[in-house]
Amino acid sequence: MTDLERFFRRLVANLAHTDPAQLDQPIPLEDVHQSIVPYRTNRRALELESSEDYELVLLRLCAGEGNYVRTDPEEARARFAEELASPNPDLAVLHQFEDAVVSLRTEPLRRALAPPADPHASYAPPAPPPIPGLDLATVELPAPEPSEEPEVTDAYDEPEAVELASDSPRCLYCGGGLPAARPARFCPHCGQRQTPPECPRCHTEAEPGWRHCVECGAPLADT
């Protein structure tokens, strides 16, 4: 699975979990970045090493690569594609189109929502071609061997423990659990807004508690 497909599937899974109605509606690009698939809480699932890698994949998605989404207005998509074609893409271009929205295309969305194939399903090979001159009605087949009796299990055996999902939403600041049934813009425990802080000069994502930007050195507000 490519980084781009993994990002798209994560976007679909998060929306299906929090707000399924948005799956067939235009989604503000800002919401994708800040609240639906924020880097801080999805970096392990996305298997991306840095916020720069995250923004590059998001730029590829919005530029139309893979035909996973449709970006509007077309001016924004064309600008993203132009920047992506440059030797050193300026990722800040993602923040220059505040009115840009993305719509999930039907076929990729259907594939992302389909249940995974069962790796343990048995494979039935195709039937061999008929042998000329052989009448199957006259062929005597051997009697089937008796099958072994199925193992009897105790109907009252205790069920195996179900492992809880490790990617349930968490507060970016205090780590407390967030409501799973709806998107949370603020933490119910510490009251912090669930938006990763950014450098006011270069828009690089910062960690809570940083006093200066790691990219340009600009002073940051208390986070």
Would you tell me whether Asp19 and Asn14 have side-chain atoms, one donor and one acceptor, within less than 3.5 Å of each other? no
Straight-line distance of Ser103 OG to Leu23 CG, nearest 0.5 Å: 11.5 Å
Could you tell me whether the side chain of Val101 reaches within less than 4.5 Å of the side chain of Ile27, counting heavy atoms only? no
Could you tell me whether Glu49 atom CD has more than 12 heavy atoms of other residues or ligands within 6.0 Å of it? no
Any Lys/Arg nitrogen of Glu75 or Arg79 sitting under 4.0 Å from an Asp/Glu carboxylate oxygen of the other? no
Using modelled atom types only, decide if a donor and an acceptor are shared between the side chain of Arg43 and the backbone of Leu48 within a distance under 3.5 Å. no
Please name the residue in the list Leu4, Leu46, Thr2 that meets the side-chain contact (heavy atoms from CB on, under 4.5 Å) test with Val57. Leu4
Heavy-atom distance under 4.5 Å between the side chains of Asp24 and Leu104, does that happen here? no
Evaluate the criterion side-chain contact (heavy atoms from CB on, under 4.5 Å) for residue pair Arg111 and Glu5; output intermediate values, then yes/no. CA-CA 11 Å; Arg111 292 197 304 266; Glu5 181 180 359; 6.0 Å; no
Stepwise side-chain contact (heavy atoms from CB on, under 4.5 Å) check, Asp3 with Glu47: CA-CA 8 Å; Asp3 291 344; Glu47 299 181 20; 5.5 Å; no
Any chance you could measure Leu29, atom CG, to Leu59, atom CG, to the nearest 0.5 Å? 9.5 Å
Any side-chain heavy-atom pair of Arg9 and Met1 under 4.5 Å: yes
Under the 3.5 angstrom rule, does the side chain of Asp90 hit a backbone N or O of Ala92 as a donor-acceptor pair? yes
In this structure, NE2 of His17 is separated from CD1 of Ile36 (nearest 0.5 Å) by 13.5 Å
Donor-acceptor check, side chain of Thr71 to backbone of Val102, threshold 3.5 angstrom: yes or no? no
Quick one: closest heavy-atom pair of Cys174 and His189, and the distance? SG-CB, 4.0 Å
Quickly, which of Leu11, Leu58, Leu15 forms a side-chain contact (heavy atoms from CB on, under 4.5 Å) with Val37? Name it, please. Leu11
If you compare all heavy atoms of Arg105 against all heavy atoms of Val69, which two are closest, and at what distance to 0.1 Å? NE-O, 3.4 Å
Atom CZ in Arg201, atom SG in Cys199: separation rounded to 0.5 Å? 6.5 Å
About how many Å separate CG of Leu84 and SG of Cys62, when rounded to the nearest 0.5 Å? 10.5 Å
Quick test of your reading: applying ring-ring contact (aromatic ring centres under 6.0 Å, His included), list the pairs with at least one residue in residues 55-75, sequence neighbours left out, ordered by first then second residue. Phe8-Tyr68
Heavy-atom closest contact (His212 atom, Pro219 atom, distance): ND1-CA, 3.6 Å
Minimum heavy-atom separation for Pro28 to Pro26, with atom names? CD-O, 3.9 Å
What pairs of residues pass the salt bridge (Lys or Arg N to Asp or Glu O under 4.0 Å) test when at least one of them lies in residues 26-40, not counting sequence neighbours? Arg40-Glu205, Arg40-Glu207
Give every residue pair that meets the ring-ring contact (aromatic ring centres under 6.0 Å, His included) criterion with at least one member in residues 93-116, sequence neighbours excluded. His33-His95, Phe80-Phe97, His95-His203
